[in-house]
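Here is how names work: the chains are called A, B, and so on, in the same order as the sequence lines, proteins then strands, and each is numbered from 1.
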Number of protein chains: 2
Amino acid sequence: MTDPASQPGAHAPRPRNAAASRQALLDAAQGLFSQKGFEATTVREIGEAASVDPALIARYFGSKAELYIAAVAVEGASERPQRYERPAQIAEVMMARMDAGGPGPILQAVLRSDTTKEIRDAAKAHLVRRMVQPLEEDMDTAGVDRARLRAETAVAAVLGVALGRSLGWFSELGGVDRHELVALLDESLDALVPPALD
Amino acid sequence: MTDPASQPGAHAPRPRNAAASRQALLDAAQGLFSQKGFEATTVREIGEAASVDPALIARYFGSKAELYIAAVAVEGASERPQRYERPAQIAEVMMARMDAGGPGPILQAVLRSDTTKEIRDAAKAHLVRRMVQPLEEDMDTAGVDRARLRAETAVAAVLGVALGRSLGWFSELGGVDRHELVALLDESLDALVPPALD
DNA sequence: CTACGATGTCATCACTCGTTGACATCAAGC
DNA sequence: GCTTGATGTCAACGAGTGATGACATCGTAG
């Protein structure tokens with residue numbers, strides 16, 4: 001962010017700017033990985049989307065896999081810590097994200113088998129930390145039986161619904177208003193994950 | 001078909017038997033596609049698993065894609081029509097299948113984006129016919145509101161749980177006894193898909 | 001102004017994929 | 001026994017992939 005040394009207002013064209021190229025690659029990768037997954041996205045596609053030579057992926061990130069990890073890290077970091085009052089809020093957050101830009105690198109990594117085990121484990125851990133554990137802790141303090149299993153089941157179910165909605169599995173699920181769907185899930189999830197009573 | 005055994009009059013045993021080779025390829029493809037999906041399975045793998053030269057795939061099926069379609073057709077035909085008394089029975093059936101041999105070609109086709117749209121649509125239709133419609137009809141006769149949406153949501157949720165269990169997303173979900181999980185889902189699904197009262 | 005490191009461009013490598021066609025080998029009919 | 005068609009084997013092709021390194025070009029320190 002040093003002074004580009006040109007007119008104010010309009011960013012100076014940066015034909016040679018490593019940071020900008022790196023960022024462009026990262027953004028393009030984020031979008032493409034999010035929509036198509038790891039294997040189905042080629043480095044040449046990423047380069048074209050970023051208007052950057054694909055060879056720079058190797059230079060700046062080392063490899064396609066490391067670029068993927070970087071994209072996942074960005075997605076993970078962009079999520080601010082959050083506390084869920086009701087289990088269906090997880091569905092709300094997840095579907096809002098998917099409505100915006102596809103499943104995202106993390107979910108892609110979790111549900112596809114063509115990614116490295118290393119990447120998949122990292123994505124799973126993220127999912128557990130952000131979604132399962134909050135639910136589990138609430139139920140633990142409330143003394144609910146089988147808290148962990150209930151939390152995992154709820155997250156998996158929400159993921160299924162969000163996925164089916166995003167990928168257009170069915171006719172109505174994809175088109176229904178998000179909040180209506182969340183409301184529908186709310187009743188159901190309360191039976192699976194009893195809400196904290198405190 | 002005709003008795004292949006040792007009688008002199010009958011046809012000799014079949015060291016070179018096109019039908020047997022074809023079937024071996026189909027079986028191997030069914031298993032591999034079921035576990036790894038379409039793109040991640042190579043024709044060389046299939047050939048090795050079937051102990052048949054991969055080139056015969058082209059000869060007997062035309063291409064890898066047509067072999068895939070044949071495998072899906074086999075899975076679709078093997079399912080006998082079934083009626084579900086309670087929504088959680090869908091979970092039972094689905095998880096029993098997955099515990100046996102992975103998600104299966106049909107589910108793989110639905111959830112992965114690397115398959116042909118044609119294949120994916122066929123798989124979706126199969127899913128709707130076998131899972132969504134039975135639920136919907138029960139609720140329609142019971143006069144439940146938003147029957148179709150509820151049915152689709154329930155199937156998607158069950159799919160998510162079954163998938164998460166099969167793919168090892170979480171620590172407990174994968175290991176828990178299937179029937180315990182079904183019981184857990186039963187309460188929850190009743191809220192989403194009110195059981196028929198007749 | 002010049003030299004040098006940083007940045008971008010390009011051709012190409014090694015590899016895997018699905019597919020193809022030539023060739024080998026077997027079983028059966030004349 | 002020899003021919004003929006079916007069946008199996010094999011090497012290779014062309015199209016992709018990710019990755020690599022040589023080279024060109026820019027920006028700027030000296």
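Residue A:Gln23 contributes atom CD, which lies 17 Å from atom C1' of C:dT7 at whole-angstrom precision. When rounded to the nearest whole Å, the span between CZ of A:Phe61 and C1' of D:dT20 equals 18 Å. Rounded to a whole Å, the CD atom of A:Glu48 is 14 Å from the P atom of D:dG18. When the P atom of C:dT7 is taken as reference, atom CG of A:Leu25 falls 13 Å away, rounded to whole Å. Rounded to whole Å, atom C1' of C:dG18 lies 12 Å from atom CZ of B:Phe33. Whole-Å rounding puts the B:Glu66 CD to C:dT20 P distance at 10 Å. Atom pair B:Leu56:CG and C:dC26:P shows a separation of 16 Å (rounding to whole Å applied). The CD-C1' distance, from B:Glu45 to C:dG18, rounds to 13 Å in whole Å.
Considering only the side chain of A:Arg59, C:dT9 comes nearest among C:dT19, D:dA19, C:dT9. Taking only side-chain atoms of A:Ala55, from C-beta outward, the nucleotide of D:dT20, C:dG18, D:dT9 with the closest atom is D:dT20. Side-chain atoms of A:Lys64 lie closest to D:dG18 of the nucleotides C:dC17, C:dT20, D:dG18.
A:Ser51 comes within 4.0 angstrom of no nucleic acid atom, judged by non-hydrogen atoms across all strands.
Side-chain atoms of B:Val158 and B:Met95, non-hydrogen and from C-beta on, never get closer than 4.5 Å to each other.
Remark: B:Arg86 engages B:Asp190 in a salt bridge, criterion side-chain N to carboxylate O under 4.0 Å. Residues B:Arg165 and B:Asp99 are paired through a salt bridge, judged by an N-O separation under 4.0 Å between the basic side chain and the carboxylate. The pair A:Arg148-A:Asp140 does not count as a salt bridge, with every side-chain nitrogen at least 4.0 angstrom from each carboxylate oxygen. For the pair A:Arg44 and A:Glu48, the salt-bridge criterion is not met [side-chain N within less than 4.0 Å of a carboxylate O].
Positionally, the nearest nucleotide of DNA chain C for A:Ala19 lies more toward the 5' end than for the other of A:Ala19 and B:Ile57. Both B:Ala18 and B:Asp53 sit near DNA chain D, but only B:Ala18 has its closest nucleotide nearer the 5' end.
Between the side chain of A:Arg44 and the base of D:dG16, no donor-acceptor pair under 3.5 Å is found.
In this structure, A:Ser21 does not reach the C:dT7 phosphate: none of its side-chain N or O atoms is under 4.0 Å from OP1 or OP2. Residue B:Tyr60 places none of its side-chain N or O atoms closer than 4.0 Å to OP1 or OP2 of D:dT7.
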